[in-house]
There are 2 protein chains.
Amino acid sequence: MTSAEKTEKTLRADARRNREKIFAAARELFARDAEGVQMEEIASHAGVGVGTIYRHFPTKQALLTEMVRTRFSRFTEIALEAERIDDPREAVETLIRQSCVEVEGDAGFQLAMMSPDELEWEGIEQEKAAFAEPATRIIDRAVESGAVRSDFSFADFPMLMCGITSTMYFAPAGSDWQRHLDLILAGLRPG
Amino acid sequence: MTSAEKTEKTLRADARRNREKIFAAARELFARDAEGVQMEEIASHAGVGVGTIYRHFPTKQALLTEMVRTRFSRFTEIALEAERIDDPREAVETLIRQSCVEVEGDAGFQLAMMSPDELEWEGIEQEKAAFAEPATRIIDRAVESGAVRSDFSFADFPMLMCGITSTMYFAPAGSDWQRHLDLILAGLRPG
DNA sequence: TCGGAAGCGGAATTCCTGTTCCACTTATTG
DNA sequence: CAATAAGTGGAACAGGAATTCCGCTTCCGA
């Protein structure tokens with residue numbers, strides 16, 4: 001039985017409610033201060049005891065990973081939407097720009113974007129693969145049509161996101177990562 | 001009496017030796033694994049007890065900041081060298097590229113590049129100012145000569161370094177940050 | 001050479017957080 | 001409405017890492 005099935009069927013009504021409260025609290029706090037979140041904090045914010053969190057998630061990391069996974073699926077949606085855009089360059093630029101927008105304001109997610117392996121976000125391989133498909137199509141199409149430099153490929157995507165995301169995460173007082181993005185997009189043009 | 005003066009004059013011979021051993025050990029370990037360094041580790045690597053470290057540096061952070069400061073002065077040298085290059089574009093590109101090279105291989109320094117305020121690198125303002133002067137001249141010259149996009153300015157420098165550095169720091173198994181740098185440099189061209 | 005000040009080592013302390021445990025509640029089911 | 005299994009709270013525990021403390025050692029000037 002998967003974790004999802006357990007949530008749906010087996011769980012007692014009050015337990016299901018708590019699970020959701022925990023999840024919501026964790027998401028909010030993790031988004032606010034990724035590295036500083038503490039279990040006690042999440043618990044009190046959710047109105048439960050720490051023990052209750054551990055009934056639902058084996059470790060802190062598991063809880064955080066679960067949230068990153070949920071959040072990650074949005075990327076696939078973004079990619080599928082971008083794929084509908086006719087102009088090849090506009091499609092790539094939208095893909096990248098929208099991905100950045102999605103990450104903005106969620107420090108926890110930013111951290112996950114930056115540390116591919118470092119922080120052991122294991123178990124989101126499936127989501128990554130689901131995103132890679134449409135994203136690769138968009139990028140390859142742009143390359144073939146000459147809309148971006150010929151050596152650009154999907155392999156560059158994580159690296160670019162890492163760089164731009166770090167600007168969001170570390171930059172003092174939200175100075176604009178958009179500028180960083182603009183430079184990158186300009187750099188992607190053929191020539 | 002400044003810390004430097006104390007090192008020169010007041011310190012007992014053996015104490016001065018120890019101070020240097022500690023500094024060297026800390027530099028090496030911090031470069032290798034910035035976030036993982038421990039005081040015990042630095043101490044044993046330097047061949048002293050932890051207590052001895054605390055005789056020389058009030059806190060761990062102070063020790064690390066001291067190292068970052070030392071390292072930072074190299075940037076100014078790089079900028080002064082780059083300023084001697086005639087071609088304005090080549091000068092900027094050298095400035096940026098060499099700065100990256102300087103940071104490569106030193107995880108601790110990479111971390112310092114990324115977190116301007118986060119990790120409280122207080123006390124290196126002077127070094128930063130010394131670097132800003134020649135760097136600003138190089139960038140302004142390039143802008144005026146039309147060698148780079150007209151909206152580029154020194155204010156962008158920290159942001160770019162943050163992005164590229166994060167690629168070095170987080171990228172799995174040293175995948176090339178050079179590519180990131182190339183994209184940025186391409187993006188800086190006028191157009 | 002000697003006295004005392006400076007310096008040293010490293011066990012002990014402190015603080016901080018994730019995780020465990022279990023007596024106590026609460027939902028569910030017949 | 002029991003009986004019971006499921007779920008809960010939060011104090012206690014555990015382990016990690018920075019920092020302190022102090023009896024002992026080493027340097028250095030007279």
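Here is how names work: the chains are called A, B, and so on, in the same order as the sequence lines, proteins then strands, and each is numbered from 1.
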Worksheet item: With a non-hydrogen cut-off below 4.0 angstrom, is G47(B) in contact with a base, only sugar-phosphate, or nothing?
Response: sugar-phosphate
Discussion item. Looking at T52(A), I'd like to know whether one of its side-chain N or O atoms comes within less than 4.0 Å of OP1 or OP2 on dG7(D).
Written reply: no
Discussion item. Suppose the criterion is salt bridge (Lys or Arg N to Asp or Glu O under 4.0 Å): which pairs have a residue in residues 150-171 of chain B, not counting sequence neighbours?
Written reply: R179(A)-D151(B), R179(A)-D156(B), R149(B)-D151(B)
Discussion item. How many whole angstroms separate atom CG of D33(A) from atom P of dT17(C)?
Written reply: 11 Å
Fill in: side-chain hydrogen bond (donor to acceptor under 3.5 Å, both in side chains) partners of D14(A), counting only residues at least two apart
R12(A)
Fill in: side-chain hydrogen bond (donor to acceptor under 3.5 Å, both in side chains) contacts in which one or both residues fall within residues 181-191 of chain A, not counting sequence neighbours
none
Discussion item. How many whole angstroms separate atom CG of L63(B) from atom P of dA17(D)?
Written reply: 17 Å
Item to complete: Nearest whole angstrom, please: distance from the C1' of dG7(D) to the CD1 of I22(A).
Response: 11 Å
Worksheet item: Taking only residues two or more places apart in sequence, or in another chain, which ones meet E93(A) in a side-chain hydrogen bond (donor to acceptor under 3.5 Å, both in side chains)?
Response: none
Worksheet item: Got a sec, which residues hit side-chain hydrogen bond (donor to acceptor under 3.5 Å, both in side chains) with E83(B), two or more places apart in sequence or on another chain?
Response: R137(B)
Practice prompt. Could you check how far CZ of R19(A) sits from C1' of dT8(D), rounded to whole Å?
Written response: 16 Å
Fill in: Listed partners of S44(A) passing side-chain contact (heavy atoms from CB on, under 4.5 Å), at least two apart
none
Response to the item:
B/S/- along nucleotides 18-30 of chain D (protein heavy atoms under 4.0 Å) is SBB-----BSS--
Worksheet item: Within this structure, what is the CD1-to-P distance between I53(A) and dG7(D), rounded to whole angstrom?
Response: 16 Å
Worksheet item: Where the side chain of E41(B) meets the backbone of Q38(B), is there a donor-acceptor pair that is under 3.5 Å apart?
Response: yes
Item to complete: Using only side-chain N and O atoms of N18(B), determine if any of them is under 4.0 Å from OP1 or OP2 of dG7(C).
Response: no
Practice prompt. Could you tell me the separation between the CD atom of E35(A) and the P atom of dC16(C), rounded to a whole number of Å?
Written response: 18 Å
Discussion item. Tell me every residue that passes side-chain hydrogen bond (donor to acceptor under 3.5 Å, both in side chains) with R69(A), counting only those two or more places apart in sequence or in another chain.
Written reply: E66(A)
Item to complete: Examine dG7(D): is either OP1 or OP2 under 4.0 Å from a nitrogen or oxygen in the side chain of H56(A)? Give yes or no.
Response: no
Practice prompt. May I have the distance from R16(B) (atom CZ) to dC8(C) (atom P), rounded to whole angstrom?
Written response: 12 Å
Discussion item. With a 3.5 Å distance limit and no angle check, can you tell me whether S115(B) reaches the backbone of A112(B) through a side-chain donor-acceptor pair?
Written reply: no
Fill in: Bend angle of the helix from dT1(C)-dA30(D) to dG30(C)-dC1(D), from helix axes over five pairs at each end, nearest 10°
0°
